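One structure below.
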Amino acid sequence: YDPRFLFWEVVDLSRKLFLASLVLFIDSEHGSGKMLRLVVATVVSALYLAALALARPFKRSDDLQLACIANLLLTCWFVLGVTIQLCESTAYEDMCSTLVGLESARRASDLVVALAAAMLALSLLLVLFKTASAVSVPTIRLASTGRPPILELPRASHFHAFISHAWGTGQDQTHAIVRQMQLLLPGVKVWLDVDNLDDVGKLEESVADAMTFIIFLSAGYFKSFNCRRELYAALASKRPFIAVHEADVAKGGASIAALKAECRESCVEVAPPAYPSYGGPHEMIARVFEEAKPIVWVRVHDFQVESLKEIALRMLRQVPYYALHTSELAQGVMVPGEIGPRGFTGLVVTILVCRDNKGALDVAKEVKAEAQVGRRSAAPQSIELRYADVALKGSGPAAIRAGSSLSKSVSLIRSGSRLSQSASPTPAIKGRIVLLLYLTDRTFLDEDGSVARLVQAAMDRR
């Protein structure tokens with residue numbers, strides 16, 4: 001239950017006790033043959049259903065929906081019971097035919113059974129549909145339980161987050177963040193200017209009305225007067241900061257160093273109205289950049305999900321429920337169908353790297369090291385590193401797939417902290433062969449174009 005409705009368990013137990021036993025005291029001598037008990041039970045069930053829909057006492061929407069379905073079915077069955085009671089009555093001749101429209105009580109019983117079965121079947125289909133939708137829809141869930149997180153709000157807040165951004169360089173990105181968060185975290189309430197701004201003079205009140213304060217760091221953010229108003233209001237109201245960094249200069253981003261310099265130049269107000277005790281740029285830098293590492297905003301879908309997950313996780317840590325149950329967030333959050341870690345257990349992998357692809361060899365060594373120390377670690381000999389220019393030279397796809405020896409190669413052998421080269425005959429390439437390409441803005445700009453040729457050779461020999 002929602003903490004405000006912990007008493008609801010007593011209300012529900014009272015309803016069950018009344019319907020299961022106390023209702024029998026209504027006309028205890030002749031009540032079984034009359035409709036009064038059924039009418040009272042129908043009214044009580046209908047009133048409780050209305051109270052459920054209005055009060056919404058459960059934390060989770062699926063619990064509320066299940067309770068409403070159960071009480072709706074119970075109300076319908078009591079109404080059907082009234083129908084059977086009318087048809088079984090002998091107080092008036094042809095009462096069943098006159099009032100209900102059925103020939104006999106047997107026909108009424110058959111109709112009630114059929115309707116009850118249909119309602120049960122529809123309810124079961126609805127539950128199955130909701131379950132299938134919950135499993136298939138990519139929404140954020142707790143990694144520890146697989147269930148959607150609780151989005152409880154503090155009593156003094158109406159939004160889970162206020163998102164602050166510079167219109168010139170961060171508007172499109174923040175709109176994307178909010179829309180994606182609403183899809184991945186149904187029920188989340190994020191204050192966004194285009195959705196919630198009615199009066200620019202009430203920015204400070206809006207910041208104080210949110211549980212957390214999301215800052216989208218882009219070029220010119222600290223130069224914006226309204227952004228600084230929001231920052232001072234967040235400092236004054238002691239809202240937790242969640243910094244999101246736009247690192248792509250072509251998309252309005254800037255480096256962390258440049259943003260810190262901008263903050264030192266711009267956040268120099270003395271005793272701003274929203275925060276008279278402001279201590280200067282060093283206080284702002286400490287809260288924005290040093291309290292927690294800014295989350296890098298990435299646009300590529302699978303990596304964008306990681307950015308959104310980190311934003312959601314930091315937000316959920318401020319939810320009152322998880323402030324008391326921190327262990328439920330210890331394993332973080334996940335999205336069904338996301339790209340997860342993969343182990344090399346049982347696999348033999350040869351990683352090929354291009355000599356002129358700077359950084360690729362370092363990444364390949366890091367992959368090998370991580371694979372061997374991970375939970376599903378690989379045997380030391382299961383991952384081998386080779387230079388692609390030698391491994392792919394003069395060997396067709398059939399030779400590589402068959403694991404035949406290459407005439408000459410350069411093996412990469414670990415010697416202390418360095419890799420030494422050996423001109424000895426290279427053993428056969430076995431297992432899965434992967435070309436690792438480290439992509440930068442200069443990957444294909446090497447002098448002789450060898451990277452492009454090797455990539456094409458690898459693609460031809462798939």
Side-chain angles (χ1 to χ4, degrees), residues 1-134 147-148 150 152 186-187:
Y1 291 104
D2 187 286
R4 298 172 297 171
F5 291 94
L6 293 178
F7 64 88
W8 199 267
E9 183 67 23
V10 177
V11 175
D12 192 31
L13 286 175
S14 300
R15 175 189 66 89
K16 293 175 181 177
L17 181 64
F18 177 81
L19 295 178
S21 58
L22 296 181
V23 72
L24 298 177
F25 289 95
I26 298 176
D27 194 0
S28 57
E29 293 186 4
H30 307 287
S32 60
K34 297 182 179 180
M35 291 192 302
L36 182 58
R37 293 179 182 176
L38 286 171
V39 171
V40 172
T42 302
V43 171
V44 169
S45 298
L47 290 175
Y48 183 77
L49 178 60
L52 268 179
L54 293 173
R56 306 177 69 86
F58 297 98
K59 283 183 178 180
R60 301 183 185 277
S61 59
D62 51 352
D63 291 335
L64 175 65
Q65 292 166 3
L66 186 61
C68 288
I69 289 173
N71 281 278
L72 177 61
L73 289 176
L74 190 61
T75 304
C76 291
W77 283 329
F78 285 141
V79 172
L80 294 175
V82 171
T83 301
I84 294 177
Q85 195 76 12
L86 285 172
C87 287
E88 289 183 343
S89 175
T90 57
Y92 301 98
E93 186 177 355
D94 296 329
M95 180 178 286
C96 186
S97 176
T98 303
L99 296 179
V100 182
L102 298 173
E103 297 178 359
S104 63
R106 175 61 183 271
R107 289 292 181 88
S109 299
D110 293 341
L111 177 63
V112 168
V113 171
L115 290 176
M119 287 189 294
L120 281 174
L122 288 174
S123 301
L124 181 60
L125 287 175
L126 180 60
V127 170
L128 292 175
F129 174 76
K130 294 287 291 183
T131 303
S133 299
R147 300 194 66 181
I150 295 170
E152 175 190 356

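A quick note: this is a predicted structure, and the numbers were derived from the prediction, not measured.
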For residues 44-58, dump all side-chain donor-acceptor pairs below 3.5 Å to protein atoms at least two apart in sequence or in another chain.
from: S45; atom 1: OG; to: A41; atom 2: O; distance (Å): 3.0
from: Y48; atom 1: OH; to: W8; atom 2: NE1; distance (Å): 3.0
from: Y48; atom 1: OH; to: D12; atom 2: OD1; distance (Å): 3.1

Kindly list each side-chain donor-acceptor pair under 3.5 angstrom involving residues 63-72, sequence neighbours excluded, with atom names and distances?
from: Q65; atom 1: OE1; to: K130; atom 2: NZ; distance (Å): 3.3
from: N71; atom 1: OD1; to: R15; atom 2: NH1; distance (Å): 3.2
from: N71; atom 1: ND2; to: A67; atom 2: O; distance (Å): 2.8

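For F7, the ring-ring contact (aromatic ring centres under 6.0 Å, His included) test picks out F5, with sequence neighbours left out. For L22, the side-chain contact (heavy atoms from CB on, under 4.5 Å) partners two or more places apart in sequence, or in a different chain, are L17, F18, F25.
Here the shortest heavy-atom pairing between T42 and L38 reads OG1-O, 2.7 Å.
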